[in-house]
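Some notes on the structure that comes next.
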Amino acid sequence: MFELVAFYLFAFLTIGSFVTTVKTRQPLYALTSLAAGMIFISAFFFMLDADFMGVVQIVVYTGAVLALYAFGMMFFDSSSLIKEKQRPASTVFILGTMIALVIVSMLVAPIAADHFQGAYPPIEGEGNVENIGYILFTKYLVPFELAAVMLLTAMIAGIVLASKHMNLKESE
Amino acid sequence: MIGLSHYLILSVILFLIGMAGVMTRKNLLMLLFSTEIMLNAVNLGFVAISKFHHDLSGQMFSFFIIAIAASEVAVGLGLLIALYKRTGSLDLDSIAKMNG
């Protein structure tokens with residue numbers, strides 16, 4: 001009963017804040033409601049006994065990613081509204097048909113793959129964080145290291161791209 | 001009782017919201033936000049499958065998706081700042097002059 005109420009409450013809150021993100025005209029409102037939606041998503045992770053993922057969701061997404069967006073928005077004149085134009089009807093029709101086909105196959109795929117055997121079941125009696133640690137540093141060690149290298153590359157790319165001509169105003 | 005299909009349907013709804021944002025908006029910042037929404041929807045589906053099928057691979061995939069999303073934001077925002085310095089606008093059509 002408690003889980004039912006929590007699921008529907010957070011489902012409506014998440015959908016509402018993400019719809020606000022997509023529909024609003026002001027980028028600052030979009031950023032704020034996106035942050036709220038990320039926090040609500042982490043509630044689902046806690047309900048699904050994935051404590052580690054819930055904490056990572058709050059720390060990485062709401063803490064790091066949205067703070068990065070907030071700092072990045074200082075570079076833009078976000079008060080200038082961009083005119084949203086309508087595309088021609090044939091483009092909408094073709095895109096809509098293709099996306100409908102993709103979504104139907106996405107929805108049917110879990111039904112077709114019903115007899116599914118878990119490859120790495122969690123160890124009984126251990127907490128979620130311990131289980132994540134065991135599997136991350138045994139089975140997924142190489143992807144973990146590759147993700148670290150990728151994050152380093154992305155950090156360097158971000159610094160180089162954003163800092164180019166950063167001191168143009170002062171030097172002139 | 002809440003089952004796997006509840007979570008998967010919620011995940012599809014969130015994914016569709018993000019996809020509608022990508023298809024309708026012209027502001028490049030909004031396109032990045034909508035991409036984040038889609039990545040989050042996929043994360044939710046992975047963690048739900050991980051719980052109901054007793055397999056930790058789903059949580060691992062969602063962990064790596066978060067790492068990819070973080071690097072996507074760093075590179076995407078850097079490119080966006082470079083584009084804004086060049087064109088002075090965040091409009092998606094301002095890139096369209098790049099086609100030969």
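Remember, it's a predicted structure, so these values are computed and weren't measured experimentally. Residue numbering restarts at 1 for every chain, and letters A, B, ... go by the order of the sequence lines.
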To the nearest 0.5 Å, how far apart are [atom1] in [X] and [atom2] in [Y]?
X	Y	atom1	atom2	value
B/I2	A/F44	CD1	CZ	9.0 Å
A/R25	B/R25	CZ	CZ	7.0 Å
A/L161	B/I81	CG	CD1	9.0 Å
A/Y140	B/F61	OH	CZ	5.5 Å
B/N43	A/Q57	CG	CD	6.5 Å
B/I37	A/I41	CD1	CD1	9.5 Å

Using a cut-off of under 4.5 Å on heavy-atom pairs, state which of [options] scores highest against chain B.
options	result
A/P143, A/A157, A/G72	A/P143
A/V60, A/L136, A/N128, A/V160	A/L136
A/T14, A/V65, A/I159, A/L152	A/V65

ILVMFWY network linking [X] to [Y], side-chain heavy atoms under 4.5 angstrom:
X	Y	result
B/L14	B/V12	yes
A/I132	A/F46	no
A/L28	A/F71	no
A/L146	B/M60	no
A/I58	A/L31	no

With a 4.5 angstrom heavy-atom cut-off, is it the side chain or the backbone of [X] that approaches chain A, or both, or neither?
X	result
B/V75	both
B/I13	side chain
B/L79	both
B/L16	side chain
B/F64	side chain
B/L32	both

Report which part of [X] has an atom under 4.5 Å of a heavy atom belonging to chain B: side chain, backbone, both, or neither.
X	result
A/K139	neither
A/Y8	side chain
A/F18	both
A/A147	side chain
A/L4	both

Task: Side-chain donor/acceptor of B/K51 to backbone N/O of A/F45, under 3.5 Å - done: no
- [ ] Scan side-chain atoms only and decide if B/Q59 and A/N131 contain a donor-acceptor pair under the 3.5 Å cut-off.
- [x] no
Which heavy atom of [X] sits nearest to which heavy atom of [Y], and what is that distance?
X	Y	answer
B/A74	A/A154	CB-O, 3.9 Å
A/I135	B/L56	CD1-CB, 3.8 Å
A/M150	B/S71	CE-OG, 3.4 Å
B/A70	A/L151	CB-CD2, 4.2 Å
A/M53	B/I66	CE-CD1, 3.8 Å
B/K85	A/A162	NZ-O, 3.2 Å

TODO: Enumerate by number any residue of residues 96-104 of chain A whose heavy atoms lie under 4.5 Å from heavy atoms of chain B; in the absence of such residues, state 'none'.
DONE: A/I99, A/I103
What I'd like to find out is whether the side chain of [X] reaches to under 4.5 Å of the side chain of [Y], using heavy atoms alone.
X	Y	result
A/L66	B/E36	no
A/L48	B/Y7	yes
B/L10	A/I15	yes

TODO: List for me each residue that meets side chain to side chain contact (heavy atoms under 4.5 Å, CB included) alongside A/F137, sequence neighbours excluded, and say none if there are none.
DONE: A/L141, A/F144
